[in-house]
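Notes follow once the structure below has been shown.
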2 protein chains.
Amino acid sequence: MEEKPQRPGPKRSLSATRIVDAAMELFDGESPSIRGVAAHLGVRPNTLYTYLPDRAALERALVDRLLAEADPDLLLGRKGWRKRVEDYACALRGVLLGRRGAAALLHTAPMDGPTAALVGERLLAIFVAAGLAPDDAARATYVVIVHVLGSATLTAADLNGRGEEAVVAERMAIQMDAQYFPLTAATWPVVARWNTEDQFRWSLQVLLVGCAGSA
Amino acid sequence: MEEKPQRPGPKRSLSATRIVDAAMELFDGESPSIRGVAAHLGVRPNTLYTYLPDRAALERALVDRLLAEADPDLLLGRKGWRKRVEDYACALRGVLLGRRGAAALLHTAPMDGPTAALVGERLLAIFVAAGLAPDDAARATYVVIVHVLGSATLTAADLNGRGEEAVVAERMAIQMDAQYFPLTAATWPVVARWNTEDQFRWSLQVLLVGCAGSA
DNA sequence: ACCTGAACACCGTTCAAGT
DNA sequence: ACCTGAACACCGTTCAAGT
């Protein structure tokens, strides 16, 4: 587990990048703690303050890593524009659900990193190419971002580390009172699947159609 | 600040309700802590465990209170269906932005309380009355919920206790590099207003149109 | 320049004890 | 039945000190 140090130097050679690397492996439901990351690196907690001003800085770096890991290049290429948005959105959803606590992190701090800017610009370009006026493209971009992050966070809270089908099964077992909640009871097979990937894709289609209709 | 005790009895007469009451006044950026609520009630932290199993239970109770405070009756009445959805959505947004840390809380635990069920049922009824098939109404309901919670949480993180216009002004001062991010730079007056109520209303309209189009 | 020891002011939670 | 004291295992962060 220990890398061979490249140069003799001090015991370990730390850096902000290596700290964020370590933190990326420590999602377990909470976002990685300063003390947890330090322990993982075999170092005292306060050591990290040589490289990071505070915990918020660590979290902002993690947000950017997560956005990048979903591969913003999926927004490029010559597939249809809806398909490209859907591909990146699903990839990001996958990344956020794959690391417990990651989704909540995206809602914690403003996304002002370089990858966020890149993703925003590419979504804008897609909507402009699709025929939206630039200002409407900007608004549409926000709608997509909100939906992806919002649904990923709700879904992550619901999954809580379990598999999608386990959660659906659990929800299907719930009996809604058909007297007080007739429609909820009647549509329960759909409601029980709210936090699934097919609902996610359905929502995205609706969003994109709605946005395109504003052209 | 101290209420006169109604009956002599013990020093204070606590209850889950009174604990949640107290917690509702303690939103300050984090969701209220067990220790903070106990201090506010003039009691030791572990006292609360007589009434609540754990912190998660406190948070679930708070979620339900917040949903109720936005007044689900706004979803009833004889206004147009889009208007009713928009009214409740804006009211909920207001409640969540009015208490710092409230928005993030809604994303923390699954919303399984009575008010959540009531809001869900009424949204379903609205979409069915608007002509959607029940299953599509269920999916549309989820789209609306995700959007309201998602945008409120992003906005709350951005506001961080400040006023809407202060944030817009701050963002307007940012200079995006027009070479790398031409569309972002060109639409900055809109992007800077992403977390405002007018963007919120625009998004909702797009959503509802998209959902209605799926009828 | 880089890391640590010790401390401070916090958390949620448990358990045995008091009244 | 209701509340507390004391403790446990955690947090983020600061600051003076060591190498």
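What you see below is based on every heavy atom in this structure, not just the backbone, and it leaves out hydrogens, waters and symmetry mates. Proteins get letters first, then strands, A, B, ... in listed order; numbering begins at 1 in each.
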Do NZ/NE/NH1/NH2 and the carboxylate oxygens of [X] and [Y] come within less than 4.0 Å?
X	Y	value
D64(A)	R60(A)	no
R55(B)	E30(B)	no
R139(B)	D136(B)	yes

Rounded distance (Å) that lies between atom C1' of dC11(C) and atom CZ of R44(B)
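Whole-Å distance recorded here is 17 Å.
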
May I have all residue pairs that pass ring pair (Phe, Tyr, Trp, His ring centres under 6.0 Å) and include part of residues 162-191 of chain A, sequence neighbours excluded?
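Every pair satisfying ring pair (Phe, Tyr, Trp, His ring centres under 6.0 Å) with a residue in residues 162-191 of chain A: there are none.
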
| field | Residue pairs passing the ring pair (Phe, Tyr, Trp, His ring centres under 6.0 Å) test where at least one lies in residues 139-166 of chain B, sequence neighbours excluded | value |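 Residue pairs passing ring pair (Phe, Tyr, Trp, His ring centres under 6.0 Å), neighbours aside: W194(A)-Y142(B), H147(B)-F200(B).
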
Distance-only check: which donor-acceptor pairs under 3.5 Å involve side-chain atoms of residues 96-105 of chain B, not counting sequence neighbours?
| residue | atom | partner | partner atom | Å |
| --- | --- | --- | --- | --- |
| R99(B) | NE | E69(B) | OE2 | 3.4 |
| R99(B) | NH1 | M24(B) | O | 2.6 |
| R99(B) | NH2 | E69(B) | OE1 | 3.4 |
| R99(B) | NH2 | E69(B) | OE2 | 3.1 |
| R100(B) | NH2 | N160(B) | OD1 | 3.2 |

Can you tell me which nucleotide in dC11(D), dC3(C), dC3(D) comes closest to the side chain of T47(B)?
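Looking only at side-chain atoms, T47(B) lies closest to dC3(D).
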
Parsed dot-bracket for DNA chain C after applying the Watson-Crick and G-U rules with both distances under 3.5 Å and | for other-strand partners is ||.|||||...|||||.||

### Message
For the CD1 atom of I19(A) and the CD1 atom of I34(A), what is their distance to the nearest 0.5 Å?
### Response
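The CD1 atom of I34(A) is 8.0 Å from CD1 of I19(A), to the nearest 0.5 Å.
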
Worksheet item: For DNA chain D, what residues of residues 22-32 of chain B have any heavy atom nearer than 4.0 Å?
Response: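 The stretch gives none, as no residue of it lies under 4.0 Å from the strand.
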
_Can you confirm whether the side chains of T184(B) and E121(A) place a donor and an acceptor under 3.5 Å from each other?_
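On atom types as modelled, these side chains qualify, holding a pair under 3.5 Å.
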
Would E59(B) and T108(B) count as having a side-chain donor-acceptor pair, cut-off 3.5 Å?
->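 There is no such pair (donor and acceptor under 3.5 Å, judged by atom type) between the side chains of E59(B) and T108(B).
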
| OP1, OP2 of dC3(C) versus side-chain N and O of T50(A): anything below 4.0 Å? |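 Checking dC3(C) against T50(A), no side-chain N or O comes under 4.0 Å of OP1 or OP2.
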
- In a check of side chain to side chain contact (heavy atoms under 4.5 Å, CB included) between T17(A) and each of L14(A), D21(A), V20(A), which one passes?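 Answer after filtering L14(A), D21(A), V20(A): D21(A).
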
Scoring nucleotides 13-19 of chain C by protein non-hydrogen atoms under 4.0 Å (B base, S sugar-phosphate only, - none) yields BBB----

